[in-house]
Amino acid sequence: MLGMGAGRWEEDMSHLLALLFHQGVLDEHFMQLQQLQDESSPNFVSEVISIYFRESEKLLRNIRTLLLDRECTDYRKIGVYLNHLMGSSSSIGANLVRNVCVAFRAASEHCNWAGCLRSLAVLEHEYCYLKNKLHELFQIEQQRVLAAGVRYHPLLQ
């Protein structure tokens, strides 16, 4: 019967969100973002998150490129990229990624190349974890909506 499985998907979403909040991966800004989604914009959150990931990939690639050459590392530029990543992470509620950016920025302010490399590894790990978990969340949301009989097209892939 149409809509019978929606409750199970809702419960799965709640458990995953609770885990991400408990781990500090997400904060209240993510909930505020969700509150902006309504019937007139049913894909709002996934669209915003897709933009975040697309732009963040560029920032991470730029940071990685700057760190490749130990002799010519532009720490000021790394700091600029980290500020952008911190701001966008904060605006979507990506608390753990934002916190890692803060530590990374401290290493870049001290022109600590080895510290920057370690911070980049941690940042990439936390970023991938966030991306995987939000992808999982949107897949559950898609299943919930389909189970409820509503058509939904998430943008996050």
Side-chain angles (χ1 to χ4, degrees), residues 1-67 78 80-108 115-157:
M1 193 183 300
L2 195 59
M4 287 296 288
R8 185 182 110 228
W9 298 114
E10 189 73 37
E11 188 176 316
D12 288 349
M13 283 180 58
S14 293
H15 280 97
L16 181 54
L17 278 173
L19 172 70
L20 295 175
F21 278 94
H22 178 74
Q23 292 175 332
V25 174
L26 296 176
D27 65 19
E28 69 280 351
H29 290 105
F30 185 78
M31 298 305 286
Q32 292 170 357
L33 184 65
Q34 284 187 312
Q35 290 170 356
L36 296 174
Q37 184 167 294
D38 59 20
E39 291 175 9
S40 67
S41 58
N43 298 325
F44 177 77
V45 175
S46 65
E47 290 171 359
V48 169
I49 297 298
S50 292
I51 293 167
Y52 166 79
F53 284 126
R54 191 170 45 251
E55 295 303 312
S56 296
E57 293 286 338
K58 292 176 192 172
L59 293 169
L60 287 169
R61 191 172 37 254
N62 291 340
I63 292 168
R64 223 176 287 114
T65 300
L66 287 171
L67 285 173
I78 290 172
V80 169
Y81 292 140
L82 287 169
N83 284 337
H84 286 290
L85 188 55
M86 276 190 307
S88 58
S89 296
S90 182
S91 69
I92 67 153
N95 184 56
L96 201 50
V97 169
R98 187 196 67 79
N99 290 346
V100 172
C101 286
V102 170
F104 193 160
R105 189 176 59 184
S108 73
C116 285
L117 284 181
R118 283 190 300 275
S119 294
L120 178 60
V122 173
L123 178 58
E124 288 177 329
H125 172 79
E126 296 303 340
Y127 175 82
C128 285
Y129 183 77
L130 172 71
K131 188 172 184 176
N132 290 336
K133 290 302 180 184
L134 289 181
H135 181 68
E136 183 180 338
L137 183 70
F138 291 134
Q139 285 180 322
I140 294 169
E141 171 67 4
Q142 180 182 16
Q143 292 300 317
R144 184 194 68 77
V145 172
L146 288 173
V150 178
R151 190 176 169 144
Y152 178 72
H153 298 285
L155 298 175
L156 184 64
Q157 297 181 16

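Everything quoted here is computed from the prediction, not taken from an experiment.
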**OP:** Give the C-alpha distance, both sets of side-chain angles, the deciding distance and a yes or no for side-chain contact (heavy atoms from CB on, under 4.5 Å) between Leu120 and Glu124.
**Re:** CA-CA 6 Å; Leu120 178 60; Glu124 288 177 329; 3.9 Å; yes
**OP:** Keeping the roles fixed (side chain from His15, backbone from Glu11), state whether a donor-acceptor pair exists under 3.5 Å.
**Re:** yes
**OP:** Report yes if the side chains of Leu59 and Tyr127 come closer than 4.5 Å at any heavy-atom pair, otherwise no.
**Re:** no
**OP:** May I ask you to decide if Cys116's main-chain N or O and Ser119's side chain share a donor-acceptor pair within less than 3.5 Å?
**Re:** no
Original post:
Is there a side-chain contact between Leu26 and Leu130 (heavy atoms, below 4.5 Å)?
Top reply: yes
Subject >> Point-to-point distance, once rounded to the nearest 0.5 Å, from CG of Leu33 to CZ of Phe44 >> reply: 5.5 Å
Original post:
CG of Leu96 to CD of Glu126: how many Å apart, nearest 0.5 Å?
Top reply: 4.0 Å
**OP:** Look up atom CG in Asp12 and atom CD in Glu136, then write down how far apart they are to the nearest 0.5 Å.
**Re:** 9.0 Å
Original post:
Looking at CD of Gln37 and CG of Asn43, how far apart are the two atoms once the value is rounded to the nearest 0.5 Å?
Top reply: 7.0 Å
Original post:
Below 4.5 Å, heavy atoms only, C-beta onward: do Tyr52 and Val48 meet side chain to side chain?
Top reply: no
Subject >> Between CD on residue Gln35 and CD on residue Glu28, distance to nearest 0.5 Å >> reply: 11.0 Å
Subject >> Note, Met86 side chain near Asn83 side chain (heavy atom, < 4.5 Å) >> reply: yes
Original post:
What's the shortest heavy-atom distance between Tyr129 and Gln23, and which atoms?
Top reply: OH-OE1, 2.8 Å
Original post:
Considering all heavy atoms of both residues, which atom of Lys133 and which atom of Leu16 are nearest to each other, and what is their separation?
Top reply: O-CD2, 3.8 Å
Subject >> Close side-chain approach of Leu137 to Phe30, heavy-atom, < 4.5 Å >> reply: yes
Original post:
So which heavy atom on Ser90 is nearest to which on Arg98, and how close?
Top reply: CB-CD, 3.6 Å
Original post:
Looking only at heavy atoms, which two atoms of Pro42 and Ser40 are closest? And how far apart?
Top reply: CD-C, 3.6 Å
Subject >> Value rounded to 0.5 Å, distance of CD in Glu47 from OG in Ser41 >> reply: 7.5 Å
Original post:
Only one of His135, Gln142, Glu141 forms a side-chain hydrogen bond (donor to acceptor under 3.5 Å, both in side chains) with Gln139, so which one is it?
Top reply: His135
Original post:
Should Leu85 and Phe104 count as side-chain neighbours, where that means a heavy-atom distance under 4.5 Å?
Top reply: no
Subject >> Student check: side-chain heavy atoms of His84 and Val80 closer than 4.5 Å >> reply: yes
Original post:
Where is the tightest heavy-atom contact between Asp27 and Phe21, given as atom of each residue plus distance?
Top reply: O-CE2, 3.1 Å
Original post:
Judged by atom type as modelled, is there a donor-acceptor pair below 3.5 Å linking the side chain of Ser108 to the main-chain atoms of Arg105?
Top reply: yes
